[in-house]
Visitor: 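My questions will all concern the structure given below.
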4 protein chains.
Amino acid sequence: KTKTDLETEDSPQKSEKHEKKLIKGNSIEDGKQMLEWMLTPFPVEEFFKKFWEKKPKLIKRGDSQDIYKSLLSTEMINTMLKENYLEYTKNIDITSYKDGVRETLNPEGRATTPSIWNYYADGCSIRILNPQTFIPAVYKMNSKLQEYFHCMIGTNVYLTPPNSQGFAPHYDDIEAFVLQLEGAKHWRVYKPRSPKENLPRISSENFSQDEIGEPILEVKLEPGDLLYFPRGFIHQAETVEGKHSLHITVSVYQKTSYADLLEALVPAALQRAINSDVRFREGLPLNIHQVMGIAFSENDSPERTAMREKIHSLFERIFDHASVDDAVDQIGKKYQIDALPPYVSKEEKQRTVYGEKVVIEDGNIRCPFEMTYETKIKLLKANILRLVDEDESLRVYFHSDNSKEYHEYEPTFMEIEEDDAPVISMLVNEYPKFVAVKDLPIDDDERKLAIATDLWEKGLLMTNVSVTDYE
Amino acid sequence: KTKTDLETEDSPQKSEKHEKKLIKGNSIEDGKQMLEWMLTPFPVEEFFKKFWEKKPKLIKRGDSQDIYKSLLSTEMINTMLKENYLEYTKNIDITSYKDGVRETLNPEGRATTPSIWNYYADGCSIRILNPQTFIPAVYKMNSKLQEYFHCMIGTNVYLTPPNSQGFAPHYDDIEAFVLQLEGAKHWRVYKPRSPKENLPRISSENFSQDEIGEPILEVKLEPGDLLYFPRGFIHQAETVEGKHSLHITVSVYQKTSYADLLEALVPAALQRAINSDVRFREGLPLNIHQVMGIAFSENDSPERTAMREKIHSLFERIFDHASVDDAVDQIGKKYQIDALPPYVSKEEKQRTVYGEKVVIEDGNIRCPFEMTYETKIKLLKANILRLVDEDESLRVYFHSDNSKEYHEYEPTFMEIEEDDAPVISMLVNEYPKFVAVKDLPIDDDERKLAIATDLWEKGLLMTNVSVTDYE
Amino acid sequence: KTKTDLETEDSPQKSEKHEKKLIKGNSIEDGKQMLEWMLTPFPVEEFFKKFWEKKPKLIKRGDSQDIYKSLLSTEMINTMLKENYLEYTKNIDITSYKDGVRETLNPEGRATTPSIWNYYADGCSIRILNPQTFIPAVYKMNSKLQEYFHCMIGTNVYLTPPNSQGFAPHYDDIEAFVLQLEGAKHWRVYKPRSPKENLPRISSENFSQDEIGEPILEVKLEPGDLLYFPRGFIHQAETVEGKHSLHITVSVYQKTSYADLLEALVPAALQRAINSDVRFREGLPLNIHQVMGIAFSENDSPERTAMREKIHSLFERIFDHASVDDAVDQIGKKYQIDALPPYVSKEEKQRTVYGEKVVIEDGNIRCPFEMTYETKIKLLKANILRLVDEDESLRVYFHSDNSKEYHEYEPTFMEIEEDDAPVISMLVNEYPKFVAVKDLPIDDDERKLAIATDLWEKGLLMTNVSVTDYE
Amino acid sequence: KTKTDLETEDSPQKSEKHEKKLIKGNSIEDGKQMLEWMLTPFPVEEFFKKFWEKKPKLIKRGDSQDIYKSLLSTEMINTMLKENYLEYTKNIDITSYKDGVRETLNPEGRATTPSIWNYYADGCSIRILNPQTFIPAVYKMNSKLQEYFHCMIGTNVYLTPPNSQGFAPHYDDIEAFVLQLEGAKHWRVYKPRSPKENLPRISSENFSQDEIGEPILEVKLEPGDLLYFPRGFIHQAETVEGKHSLHITVSVYQKTSYADLLEALVPAALQRAINSDVRFREGLPLNIHQVMGIAFSENDSPERTAMREKIHSLFERIFDHASVDDAVDQIGKKYQIDALPPYVSKEEKQRTVYGEKVVIEDGNIRCPFEMTYETKIKLLKANILRLVDEDESLRVYFHSDNSKEYHEYEPTFMEIEEDDAPVISMLVNEYPKFVAVKDLPIDDDERKLAIATDLWEKGLLMTNVSVTDYE
């Protein structure tokens with residue numbers, strides 16, 4: 001049975017096992033296990049085949065209602081608010097939906113517990129926008145899932161008082177997994193209203209009840225239950241008398257479609273075509289503005305036909321200049337910028353720069369560990385970095401220094417020489433296997449050490465042995 | 001022989017003839033005549049066939065050296081500087097090119113005559129960036145030419161002291177017509193250095209003498225001479241001992257190529273494709289980031305091939321959603337924003353809103369002229385407006401209120417109803433013929449009057465009779 | 001009888017007389033004559049003694065109703081709007097005051113005549129905010145007046161349809177002269193409501209009729225009439241049946257009180273005191289925050305008394321470090337920045353840099369006039385420049401290059417050496433007398449020429465002879 | 001002997017004692033004890049009498065070198081850098097001073113340990129700009145000291161490799177306490193060079209060795225030693241062969257002089273004088289610009305004397321309108337904005353809103369503790385809030401929600417009614433004594449509870465009993 005402990009630091013017994021796992025560890029597999037835990041007992045493969053981007057999936061928990069308990073509780077929210085500085089609008093929304101009217105009631109400034117509980121007592125819903133920034137268990141879950149989905153993992157927490165609804169019916173632009181934590185909530189889910197709203201790229205406005213038709217699914221979620229529905233599926237939920245509801249929604253695959261890939265691919269291909277083929281750069285015919293344009297669209301002239309054909313023939317030449325690899329790398333770069341910092345276990349930490357200690361001798365400060373040709377290395381996570389060819393240089397984007405707060409710091413990357421690119425490619429392709437520094441695919445031996453050291457210092461590599469106890 | 005008087009307001013005798021011409025007048029023809037005057041005696045058609053975008057063309061003037069005299073003189077520059085507030089960098093550049101070093105020496109603030117003539121005495125060249133803003137004859141020439149070329153007409157004036165050169169060899173991103181006004185200048189023109197620099201989209205940096213090869217043309221320009229060369233052709237010019245040089249360069253067709261059209265067409269087509277075809281909006285496969293990307297480009301896997309084919313098939317579908325008319329209208333919209341205000345002769349003015357007078361009666365202010373169903377109207381200029389479909393509405397962009405200073409005011413447009421679009425189309429297609437208000441292609445009679453009045457009030461229409469003397 | 005021709009360029013006969021006057025001319029006297037013309041036949045001295053800043057003054061014109069006619073007419077407004085680009089809000093306001101409700105109805109964009117006359121026909125008032133920018137006669141009047149008042153001269157034009165009122169009762173922060181141009185308007189003026197609103201520094205909000213008491217003056221203004229009232233006096237005006245009204249309001253002395261001088265003087269004096277006297281820089285006593293503060297203001301402790309006395313003694317020392325001259329120069333600097341460009345007559349122009357011509361010889365460009373030791377010079381206007389000691393340097397601020405549009409260009413000044421300051425002081429103190437360059441109070445002869453040339457090139461000086469005809 | 005434990009959370013035995021202390025506790029006394037601990041065994045009173053703002057004071061530690069050890073160590077810096085995101089320039093400076101040249105070598109981006117230790121190995125000094133943000137012991141020390149000094153407490157940490165100097169000689173604008181933590185450093189201190197540089201308001205530029213004269217103090221600081229010197233005293237320090245140095249500088253009283261008070265007092269008094277006394281608002285005399293100004297400063301005219309006297313008499317009237325209380329409150333407001341959040345011990349926390357827990361019953365969320373008329377309250381810290389009269393309202397500024405990062409959040413205040421001000425005054429004046437809610441000086445009983453609840457919810461109050469265990 002799949003297990004994922006989101007709460008406690010690992011005990012010593014587990015540590016040893018963990019250590020072995022670490023050697024062969026694959027962060028994509030870890031991410032998949034996290035999803036298996038969420039969906040358990042439903043198989044992940046079947047989920048992708050039958051439900052993903054197609055239709056809702058409900059998993060009732062039955063007797064193991066505590067499964068998601070360690071993620072979050074109302075008590076933990078109370079403590080989080082007292083110990084951190086959360087702001088309305090940036091971190092917290094106060095919402096209500098009464099008699100068909102949806103309101104956001106955010107005041108300005110810090111979200112303090114007295115003010116939050118006052119709103120709650122008045123029947124308002126509380127939405128926490130980025131719990132992963134403040135709640136370690138949520139951060140750990142998202143950090144693992146992002147390795148599997150290779151996209152930003154969003155989470156929102158919703159706390160709703162009895163007998164109320166916080167939001168109007170609407171659809172979102174993401175694949176949604178609703179995990180019920182406390183209390184209960186009555187859900188209704190509706191099909192997309194038209195092909196245009198199938199797998200939409202932006203969320204809808206709020207709908208009124210008469211715009212959405214009949215639900216295809218009605219269900220009461222109780223602790224431990226999970227409900228999935230694709231983007232474009234309209235939904236609403238309300239609590240019942242005498243019971244509150246606390247749930248967390250995990251959202252994935254925002255802006256991760258073929259459209260997003262083509263938006264990166266096509267303009268770049270057009271620019272390359274223009275630069276290399278003079279036919280694209282020739283001046284437009286002098287009379288074009290007297291022939292083409294909507295004011296002339298009723299005219300059925302041979303000039304119009306010829307002009308359209310000329311344009312079409314140029315269009316078709318564009319794809320000859322397209323680079324799919326570069327476009328995928330642009331999506332990959334966005335991931336590096338959006339991602340949470342990697343979750344690093346105690347055992348992993350001891351094999352990274354984060355585990356290094358310093359020693360002072362005669363006033364000099366020394367780190368005992370030093371990379372050698374024999375040191376074996378692997379990427380800290382499968383997706384910890386992305387090699388990108390842009391602005392006429394090669395860049396390695398990475399997210400080891402990202403903040404738990406979305407985009408708090410500037411994107412981080414290192415520029416590398418073309419000769420060094422095979423090192424990055426090898427580390428990416430060999431993962432999760434270790435590679436000895438001496439085996440890096442580059443002629444210059446000193447360069448091998450230099451690159452490995454550089455990557456390691458940025459927190460992108462793990463060594464096969466612990467550096468903490470190194471002398 | 002072609003004649004174009006750029007200097008004086010028209011005399012009464014000419015006025016009568018002008019008035020007849022006005023009725024049949026066609027601003028595109030007027031613009032072509034202006035170009036004919038510039039190129040005279042060389043035929044315009046032959047020029048476009050043999051030289052335009054292909055190679056330089058020299059026209060020596062011989063005995064009619066005064067042809068361009070009314071455009072500009074050094075004395076007129078002196079007066080212009082005293083009577084207007086020109087600023088260095090914005091309106092005037094001070095440049096020098098000595099011993100292979102090109103410098104711009106602009107101080108800050110107003111360009112006063114004492115400081116200008118001091119720089120000149122020190123051997124610097126003076127470049128006036130937008131003489132059309134301050135010199136009526138240059139404004140008149142450009143305003144007419146823009147109707148023919150349907151693009152922004154740039155002009156720069158260059159005043160160079162004896163025995164000097166103001167600029168390093170370089171090429172520009174525009175088709176250039178050099179009109180020599182005073183003194184003399186020795187020119188050298190060179191072919192583009194490579195196919196990539198043929199018809200380039202951006203101007204070059206400064207070249208050193210050993211980067212540019214041998215000139216294909218060497219010539220001394222004297223007053224009245226004209227030299228044309230296409231974008232991408234490198235050029236340099238210097239004055240000789242004891243003689244200054246004053247010339248004006250007319251530049252056209254900046255950013256007016258098929259590339260510019262495709263840059264408007266392709267992204268719009270992609271967005272339409274995405275919105276209407278769900279296959280574009282499906283999520284990317286989970287494993288794409290382990291298969292595609294430059295780190296994987298050496299791998300020759302079937303997944304890579306399949307992925308590339310899938311993308312290509314989506315790409316080809318994009319053109320089904322392309323609208324060439326809309327893209328041309330976007331180029332046309334840019335023209336409306338960039339254009340100089342139309343040159344309006346005295347006779348034209350009397351047939352436009354600009355010629356209206358007011359009368360006060362019992363405290364009421366009245367304009368004697370009123371549009372009726374019998375009033376005949378035509379566009380003030382062929383290209384005075386452009387019908388554009390954008391942001392889900394129909395807009396008529398126009399340039400009658402533009403400033404002589406580039407982009408000084410916000411772009412002007414009016415939104416119209418879809419039902420009114422045929423009116424605009426008719427006026428555009430019927431030009432230069434007059435149309436009676438009653439014949440506008442629309443059902444509602446009151447609406448005919450309303451639209452005609454609206455267009456007329458914005459200065460876009462001319463009536464067949466004078467409104468100034470209206471009672 | 002005082003005469004001021006605001007409309008036409010001076011005729012040849014007048015020119016000769018003008019030329020003599022020019023030699024002795026004093027721009028402050030010219031400005032005073034402009035005010036005399038406005039107030040005629042009421043004596044200016046008596047006006048300042050009895051009415052200025054004290055109470056309203058009405059001057060009925062009787063049989064010379066045309067006196068202000070050349071300034072502006074409704075027909076001139078129509079033409080101005082067609083020939084210039086005026087924008088709502090920036091240049092034009094559309095206002096109404098009906099049933100106690102005051103509204104501003106400005107649309108966006110250009111103020112075209114059709115839209116203006118439509119608003120007018122709907123009973124709205126038209127306010128032109130800066131007619132001096134577009135109407136030469138108004139510019140000429142203001143430019144002369146500013147030399148007398150040494151402050152920015154504001155003008156607003158108000159065009160009101162019959163039977164209406166455009167503004168609610170209110171008071172302004174300026175001394176107002178209302179000049180009736182066309183039609184008629186019924187005015188009511190009220191005393192300041194309290195000492196606090198006597199000579200106020202900011203204009204009031206709109207009042208309702210029951211907040212303002214009884215008028216102290218009711219009058220119908222007709223063409224040629226003038227009404228003056230000080231800042232703080234509430235006023236309102238309405239037109240009658242069948243008659244429109246056109247008037248211009250000239251406003252002076254905004255922010256020109258002792259308060260404005262002290263606001264420049266006191267902070268500067270405090271900074272100087274702090275810098276030179278260490279007693280100001282000593283740390284505050286540790287307990288001050290437990291003794292002083294409004295939470296302690298009820299406590300009657302000896303510590304509080306001692307603390308207050310200590311502060312008072314420091315305060316009194318501040319004035320020892322005050323410089324009244326510098327503070328007045330700061331007010332003077334503001335004038336240089338705000339002022340309209342000087343009005344320069346044809347005869348004056350011929351004696352300034354604006355009258356210089358250029359000659360081309362052997363490619364060299366030469367200005368025939370050259371300053372010599374014998375050249376006699378005077379300031380173009382009494383207040384054309386201001387010597388200011390600021391930021392540890394000496395600056396000469398001047399307004400010869402200002403735009404007719406308020407603050408369109410950056411403030412202009414030249415930095416001078418301390419040794420050159422006496423030259424500026426002499427020119428200022430000797431005005432309106434001419435001074436020979438050789439007599440400038442400075443040792444170095446070449447420096448005399450250099451400074452004189454520098455000032456002359458900036459348009460600040462006039463020579464005793466014409467430079468235009470110089471060979 | 002004074003003891004201050006900066007490192008560990010208090011043990012249970014200590015807790016009980018702590019709890020008693022808490023009842024009578026006075027944060028100003030706590031702050032003073034912190035300073036006593038720093039200066040021990042030198043008496044604080046004597047320090048302020050003889051050295052504060054006057055001259056340097058050295059305290060050699062002798063046999064208790066560990067006194068400051070718990071504050072910070074090089075090992076703690078290594079860990080801090082790995083666990084937090086510190087940025088160069090914002091948090092860390094890399095500096096060097098070699099051969100008289102002072103350089104800052106900050107790269108961009110995150111300060112990682114490998115890059116820091118590389119700079120250190122190259123002989124650079126490391127300056128940590130705000131260690132209090134990241135190091136709990138430093139935060140605790142500063143938070144306590146700020147209650148005593150009532151000003152922002154700055155701290156900088158300096159880590160210097162052997163045989164080097166990181167900074168050029170200079171003086172600062174703050175009172176400096178240097179606490180040596182590890183290694184050794186050789187210091188030289190110099191007197192202010194002139195009266196103007198005595199107690200300066202801004203720090204100096206870097207001096208060369210020949211500008212600073214002879215040191216008045218030379219000393220080698222070793223772990224546990226303290227060196228104090230006032231602002232304006234020039235200083236420099238270098239390490240010796242084979243030994244590094246780590247010290248922390250505590251800086252106080254930046255911008256806390258009479259000058260700062262007068263800068264708040266004088267402009268406000270001037271505005272009040274202008275508003276209430278019409279003599280300040282009268283217009284300046286017309287001729288002032290021909291009489292006053294530096295161009296006229298040599299003229300010894302009676303007009304000049306009269307004008308200066310008039311201004312002086314107005315100046316003297318200004319103080320009648322001065323409010324010292326308001327000015328001190330402005331300084332106090334600045335403190336609230338700049339201060340670190342209060343250090344709250346475990347026992348204190350249990351008596352504040354931070355100690356409250358929540359209970360869920362029937363879906364309702366309840367906080368068991370409720371304020372009653374019998375509840376006894378006191379301010380959490382003496383200076384936790386400041387009552388300020390500004391912008392025509394009464395505000396209570398407070399710093400309980402401030403960030404440990406300087407000015408990270410918006411300033412926080414609550415507006416109160418004038419009738420409620422006595423409640424704030426009472427709490428401030430009665431501190432450190434408790435007051436029963438029922439005894440608050442206000443008529444309306446419900447209002448008493450409301451205000452007390454409001455202040456308590458913002459974390460400004462402590463109750464006499466624990467709220468954590470409340471049922």
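Throughout, protein chains are lettered first and strands after them, A, B, ... in sequence-line order, and every chain is numbered starting at 1. Any value given below was found using the heavy atoms of this structure, including those in side chains, with hydrogens, waters and symmetry copies removed. Computed from a prediction, not measured in an experiment: that's the story for all the values here.
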Visitor: Search all heavy atoms of Asp419(A) against all heavy atoms of Pro422(A) and return the closest pair with its distance.
Guide: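 That would be O-CD, 3.2 Å.
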Visitor: Do Tyr335(B) and His399(B) have ring centres separated by under 6.0 Å?
Guide: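 Between His399(B) and Tyr335(B), which both carry aromatic rings, the centre distance is below 6.0 Å.
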Visitor: Of the backbone (N, CA, C, O) and the side chain (C-beta and beyond), which part of Ile288(B) lies under 4.5 Å from a heavy atom of chain A, both, or neither?
Guide: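 Backbone plus side chain of Ile288(B), per the 4.5 Å heavy-atom cut-off to chain A.
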Visitor: Calculate, to the nearest 0.5 Å, the distance between atoms CZ and OH belonging to Phe233(B) and Tyr171(B) respectively.
Guide: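 Separation between the atoms: 12.5 Å.
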Visitor: Check whether Tyr431(B) gets within reach of chain A through its side chain, its backbone, both or neither, counting any heavy atom under 4.5 Å.
Guide: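 Contact with chain A: none, neither part.
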Visitor: Side-chain contact, heavy-atom cut-off 4.5 Å: Leu455(A) with Ile451(A)?
Guide: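 In contact.
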Visitor: So if I take each residue of residues 271-287 of chain B and look for any heavy atom under 4.5 Å from a heavy atom in chain A, which residues do I end up with?
Guide: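 So the qualifying residues are Gln271(B), Ile274(B), Asn275(B), Ser276(B), Val278(B), Arg279(B), Phe280(B), Arg281(B), Glu282(B), Gly283(B), Leu284(B), Pro285(B), Leu286(B).
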Visitor: Which one, Gln330(A), Arg304(A), Met307(A), leads in non-hydrogen pairs under 4.5 Å with chain B?
Guide: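 Of the options given, most contacts go to Arg304(A).
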Visitor: I need the residue from Glu316(B), Arg201(B), His289(B) with the largest number of non-hydrogen atom pairs under 4.5 Å to chain A.
Guide: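 So the answer, after comparing Glu316(B), Arg201(B), His289(B), is His289(B).
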Visitor: Measure distances from Tyr253(A) to the heavy atoms of chain B and classify the residue's part below 4.5 Å as side chain, backbone, both or neither.
Guide: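 Just its side chain gets close to chain B.
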Visitor: Counting heavy-atom pairs under 4.5 Å to chain A, which of Glu298(B), Glu263(B), Arg386(B) comes out on top?
Guide: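 The candidate making the most pairs under 4.5 Å is Arg386(B).
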Visitor: Do Asp260(A) and Ser257(A) have side-chain N/O donor and acceptor atoms under 3.5 Å apart?
Guide: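 Ser257(A) and Asp260(A) do have a side-chain donor-acceptor pair below 3.5 Å.
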Visitor: Give, as side chain, backbone, both or neither, the part of Leu261(A) having an atom under 4.5 angstrom from any heavy atom of chain B.
Guide: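 Side chain only.
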Visitor: Which atoms of Lys255(B) are under 4.5 Å from chain A, going by heavy atoms: the side chain, the backbone, both sets, or neither?
Guide: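 For Lys255(B), there is no contact with chain A at all, as no heavy atom is under 4.5 Å.
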Visitor: Between Phe51(A) and Lys55(A), is there a cation-pi geometry (under 6.0 Å to ring centre, at most 45° from the normal)?
Guide: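 Output yes; distance and angle both within limits.
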Visitor: Does some side-chain heavy atom of Lys310(A) sit less than 4.5 Å from a side-chain heavy atom of Tyr258(B)?
Guide: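 Answer yes - side chains close enough.
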Visitor: For Leu262(A) versus Pro267(A), what's the shortest heavy-atom pair and its separation?
Guide: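 Looking at all heavy atoms of both residues, the shortest contact is O-CD, 3.8 Å.
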Visitor: Pick from Val428(B), Asn383(B), Asn198(B): which one has the most heavy-atom pairs with chain A under 4.5 Å?
Guide: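 Of the options given, most contacts go to Asn198(B).
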Visitor: With respect to chain A, which residue among Leu427(B), Ile294(B), Asn299(B), Asn429(B) yields the maximal number of heavy-atom pairs within a distance under 4.5 Å?
Guide: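 Highest number of pairs under 4.5 Å: Ile294(B).
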Visitor: Is chain A contacted by the side chain of Ala322(B), its backbone, both, or neither, given a heavy-atom distance below 4.5 Å?
Guide: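 When you check distances to chain A, only backbone atoms of Ala322(B) fall under 4.5 Å.
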Visitor: Please find the pair of heavy atoms, one from Val252(B) and one from Ile153(B), that lie closest to each other, and give the distance.
Guide: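 Looking at all heavy atoms of both residues, the closest pair is CG1-CD1, 3.7 Å.
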Visitor: With a 4.5 Å cut-off on heavy-atom pairs, point out which of Met426(A), Gln290(A), His312(A), Arg308(A) contacts chain B the most.
Guide: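 Between Met426(A), Gln290(A), His312(A), Arg308(A), the count favours His312(A).
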Visitor: Quick one: does Phe315(A)'s side chain get under 4.5 Å of Val266(B)'s, heavy atoms only?
Guide: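 A side-chain contact under 4.5 Å exists here.
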Visitor: I'd like to verify something: which residue of Phe319(A), Phe48(A), Tyr148(A) has the highest number of heavy-atom pairs under 4.5 Å with chain B?
Guide: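 Highest number of heavy-atom pairs under 4.5 Å: Phe319(A).
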Visitor: Chain A heavy atoms under 4.5 Å from Phe149(B): which part of the residue, side chain, backbone, both or neither?
Guide: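 When you check distances to chain A, atoms from both the backbone and side chain of Phe149(B) fall under 4.5 Å.
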Visitor: Could you tell me whether Arg231(A) and Glu175(A) make a salt bridge, using a distance below 4.0 angstrom between a side-chain N and a carboxylate O?
Guide: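 Yes, charged N to carboxylate O under 4.0 Å.
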Visitor: Should the pair Trp52(B) and Tyr228(B) be assigned to parallel (<30°), tilted (30 to 60°) or perpendicular (>60°) ring geometry?
Guide: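 Rings of Trp52(B) and Tyr228(B): parallel, under 30°.
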Visitor: For Asp172(A) and Ser203(A), work out which heavy atoms get closest and say how close.
Guide: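 Closest approach of Asp172(A) to Ser203(A), heavy atoms only: CA-OG, 3.4 Å.
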